[in-house]
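Accompanying notes for the structure given below.
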Amino acid sequence: FENDDEKETCRRLVDALPEELVLYAANTSYAFWYLSNSQKDAVSDVDKLNMAMREARRHLLYVGGDYEKAYNNLVESLNYRRDNQVDLMRKCFDGPFEVSDDERPRVKEMEELIRADMARQYNV
């Protein structure tokens, strides 16, 4: 963070989020997502908060420090990630990731889309 005011504003942004969205914000960090999905005890609530604050900072900087705009952008972005199951795409790649029965059809669909996209790119 550039200064204490910026850090405090990011903390307020995260504190204003519904708890479910705090996790989505933290999961924008691949390192946090990877550890929380492969070694659940390797991440703490402090780690989750710090990663969520980093995501909040990106939105705050994008709108030039305007709290309301940053909050609205952040919530919209996190709702998109949740609604479109963006984090599941990461489970399509090798790793020690558990895929639940509920997630399995969507992961399979995403894997097929990724394979088709890769094939298109190689045949261009």
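Computed from a predicted model, the values in this text were never measured in an experiment.
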Got [X] and [Y] here, is their nearest side-chain heavy-atom distance under 4.5 Å?
X: L21; Y: N79; answer: yes
X: Y24; Y: D87; answer: yes
X: T28; Y: R54; answer: no
X: E109; Y: V107; answer: no

N37 vs R90, side chain to side chain contact (heavy atoms under 4.5 Å, CB included): CA-CA, chis, key distance, verdict: CA-CA 10 Å; N37 280 273; R90 292 175 170 168; over 6 Å; no

Does [X] [atom1] have over 12 foreign heavy atoms under 6.0 Å away?
X: Y80; atom1: OH; result: no
X: R11; atom1: CZ; result: no
X: M110; atom1: CE; result: yes

Do [X] and [Y] sit within salt-bridge range, that is, some charged N less than 4.0 Å from a carboxylate O?
X: D4; Y: K7; answer: no
X: E112; Y: R115; answer: no
X: E55; Y: R58; answer: yes
X: R12; Y: D15; answer: no

Please name the pair of heavy atoms, one in [X] and one in [Y], separated by the smallest distance, quoted to 0.1 Å.
X: H59; Y: S77; value: CE1-CB, 3.6 Å
X: L60; Y: A70; value: CA-CB, 3.7 Å
X: R104; Y: V99; value: NH2-O, 2.9 Å
X: E98; Y: E103; value: O-OE1, 3.9 Å
X: Y71; Y: A16; value: OH-O, 3.2 Å

Which donor-acceptor pairs under 3.5 Å do side chains of residues 44-52 form with protein atoms, sequence neighbours excluded?
{"residue": "S44", "atom": "OG", "partner": "V46", "partner atom": "N", "Å": "3.3"}
{"residue": "S44", "atom": "OG", "partner": "D47", "partner atom": "N", "Å": "3.1"}
{"residue": "S44", "atom": "OG", "partner": "D47", "partner atom": "OD2", "Å": "3.2"}
{"residue": "D47", "atom": "OD2", "partner": "S44", "partner atom": "N", "Å": "2.9"}
{"residue": "K48", "atom": "NZ", "partner": "E19", "partner atom": "OE2", "Å": "2.8"}
{"residue": "N50", "atom": "ND2", "partner": "V46", "partner atom": "O", "Å": "3.4"}

Donor-acceptor contact present, side-chain N3 to main-chain D5, <3.5 Å: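 Present.
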
Give the cluster check for [X] versus [Y]: same hydrophobic cluster or not, with ILVMFWY residues linked at side-chain heavy-atom distances below 4.5 Å.
X: V75; Y: V14; value: yes
X: L35; Y: F32; value: yes
X: M53; Y: Y67; value: yes

Geometric class of the Y34/F97 ring pair [parallel <30°, tilted 30-60°, perpendicular >60°]: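 Correct class here is perpendicular.
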
All side chain to side chain donor-acceptor pair (under 3.5 Å) counterparts of N72, not counting sequence neighbours: none

Residues in side chain to side chain donor-acceptor pair (under 3.5 Å) contact with E6, at least two apart in sequence or another chain: R57

Derivation of the side chain to side chain contact (heavy atoms under 4.5 Å, CB included) call for D41 and Q39: CA-CA 6 Å; D41 59 340; Q39 304 171 34; 4.3 Å; yes

